[in-house]
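Throughout, a chain's letter reflects where its sequence line sits, starting with A, and its residues are numbered from 1. Small disclaimer: the values here were computed from a predicted structure and weren't measured.
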Amino acid sequence: RRRHTYARPPPTSQVMGNTYLLLYNTALTAAWGYVLYLTYANILENKGDTKGVYQAVELPLKIAQSAAILEVLHAAMGLVRSPVAITAMQVASRLWVLWGLIVPVPGPTTQGALVLGTIMDRYTFRLDLVSLLTAWCISEVIRYSFYAFKEALGYVPYPSLWLRYTGFIVLYPLGVASELTMCYLAWPTISSKGLFSLPMPNRLNLGVDYSIVCLLICASYLPGLPTLYQYMLVQRRKQLGGPVKAKAE
Amino acid sequence: MQLQIKTRSGKVVATVHLDAVSTVRELKKAVHESNKRLHPSRQRLTLPLPAGSTAQTKPTVLEDGKTLGDYGLKDGSLLNVKDLGLQIGYSTVFFWEYFGPLVVYPLFYALPHLLYPGVTPPAQRPLVQTLALAYWSFHYSKRIFETFLVHKFGHDTMPIMNLVRNCAYYWGFAAYVSYFNNHPLYTAPPVQQSVVALGLAMLCQLSNLKCHLILSNLRKPGEKGYKIPKGFLFNYITCANYTCEVLGWALFTVAVQAVPAGIFALVGTVQMAQWAIQKHKRLKKVFDGQEGRLKYPRRWIMMPPFF
């Protein structure tokens, strides 16, 4: 793959932008890697018990996830080529899960689980905070390191490219299922306590029922799922399916 | 002459025989006869790009009214076709998207026990709820009237997904606005505020109708191409019709004093502002004052004194 070759050196603003992006992407790779480490270190320490996971990861998780807001700014400023609307929607959905479900209703979301089945009476497959963190951390480490390589080297080493366009096959459904599970776990409390809701009557003649908003958000996940998955599969064929590229041209 | 019609991937989808005086419309019918899937309104026929074109060159689109001879087509010529997907008529879409609000809004007014279960309606319904219903119903009836008797659409059809999308928008917002306007626990503003605001809003609606009549009479039958709108508010504002519409919904919001109505007004305003900017730019580009063309006069785009 050809590295960037310039006829003349790029403008300072572009170099500054690239350096900033390199720092940003490296920092977030590290942050999400740290959350992943904390998650599994805690589980191992407690011999498989996951009750203390949230407490262990809470602060770095909040920082790493909230930092994603910057990505919307990057897109809006034209610093990266992503479309602003799509980036905003993706960041918004992540922030909703963290700040709109887990933080307001920590009990059911961090301790509860949706059990899918048991194998050989020993291993249970479940969707819970750990599956959510696993999906999020691994996806984000892959994604941010991919962009960091691009900024630092001008190209992406094959392992990173492969991970980026293969990881989603498992991580995307796992992540979405875990996010919906968080909503499923938090919903009864949101509904019964009327969290974040504005009842009628009031002078604004506006009623907001957050539990209905949550249902609508969950419903909106469904059409996007197959479309995005198909899109990534097509991208995978394009990026990986072609003739094997040598690492350096 | 014999013409071959192929897709961008090179596959020949039809071969037709016509003469140079046949119109593009007849060509499309012939293509449809030979390829049942390609209804004339789905076809976008273009001339192949001449040698030396770049990725940026826009191909020439064949217009329905012109003849094959106008495009210099000869025996053996090749044409490209793009399938625009399942199409639906403009009037059809407009009718259904405006019919929904006409039916959905009154439901919340008429069926409180069903749609607000468990909430006791007040002994007396606030006057503004009835006035708002009348205003809303008049507005959408007017729109349907204009669809069939006033507007002259620039295109015949649009992709079918637009029907779904537009209906979702209009019907969804009708339900949202109506649910809160007609809520049993609705808090009415002072009745004078409502009456004055709706009265002014009515004036805006009638002005909007006048604007639509002016626009529909801009081109004489058979004329093509853009004309500079003139008369009434168009002397000062390019998209005076949008101005009246935006003000009308702002006044409606003041009359009912409800946030959902305000959100509806705001979203509509943003959309109309985008359209207004495009229209204004287009007119300024066409009427650049050179080579004998008129120069587009200095005008507000949509909302004096802001833009």
Side-chain angles (χ1 to χ4, degrees), chain A residues 2 7 72-73 75-78 81 83-89 92-93 96 100 187-188 190-231 234-235 237-238 241-242, chain B residues 105 108-109 112 115-129 131-133 136 161 164-165 168-169 171-173 175-191 193-194 197 252-267 270-271 274:
Chain A
R2 194 157 43 148
V72 183
L73 276 167
M77 283 170 15
R81 266 179 40 192
V84 186
I86 304 221
T87 313
M89 267 173 27
S93 99
W96 167 67
W187 202 85
I190 290 175
S191 177
S192 64
K193 285 207 178 145
L195 289 180
F196 300 135
S197 295
L198 182 64
M200 286 278 272
N202 56 71
R203 267 184 47 205
L204 300 172
N205 284 312
L206 170 70
V208 179
D209 189 333
Y210 183 57
S211 68
I212 296 190
V213 172
C214 286
L215 289 179
L216 289 173
I217 297 179
C218 289
S220 76
Y221 268 53
L222 300 174
L225 219 95
T227 325
L228 247 149
Y229 203 69
Q230 295 275 51
Y231 171 75
V234 167
Q235 289 299 99
R237 229 164 287 143
K238 269 203 225 167
Chain B
Y105 190 100
F108 295 88
Y109 184 93
L115 294 169
Y116 308 96
V119 191
T120 338
Q124 184 160 60
R125 186 190 277 281
L127 177 64
V128 63
Q129 285 183 336
L131 295 177
L133 172 66
W136 181 277
M161 266 316 281
V164 180
R165 200 191 58 183
Y169 171 81
W171 297 23
F173 261 116
Y176 183 55
V177 174
S178 180
Y179 179 85
F180 288 104
N181 280 1
N182 295 304
H183 203 289
L185 298 176
Y186 170 80
T187 313
V191 80
Q193 174 177 327
S194 305
F252 179 80
T253 304
V254 168
V256 298
Q257 205 166 285
V259 167
I263 296 178
F264 174 59
L266 186 65
V267 174
V270 167
Q271 174 66 89
Q274 289 178 330

- request: Would you please name every residue forming a side chain to side chain contact (heavy atoms under 4.5 Å, CB included) with P184(B), sequence neighbours left out?
  value: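 So P184(B) forms a side chain to side chain contact (heavy atoms under 4.5 Å, CB included) with Y116(B), V119(B), P121(B), P122(B).
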message: Restricting to side chain to side chain contact (heavy atoms under 4.5 Å, CB included), what partner residues turn up for L131(B), sequence neighbours left out?
response: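 For L131(B) the side chain to side chain contact (heavy atoms under 4.5 Å, CB included) partners, ignoring immediate neighbours, are L127(B), V195(B), L198(B).
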Contacts of residues 258-265 of chain B with chain A (heavy atom under 4.5 Å):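 The list, in residue order, reads A258(B), V259(B), P260(B).
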message: Among N181(B), V256(B), L185(B), which residue has the highest count of heavy-atom pairs closer than 4.5 Å to chain A?
response: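 Winner by heavy-atom pair count: L185(B).
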query: Residues of residues 199-212 of chain A under 4.5 Å from chain B (heavy atom pairs)?
result: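 M200(A), P201(A), N202(A), R203(A), L204(A), N205(A), L206(A), G207(A), listed by number.
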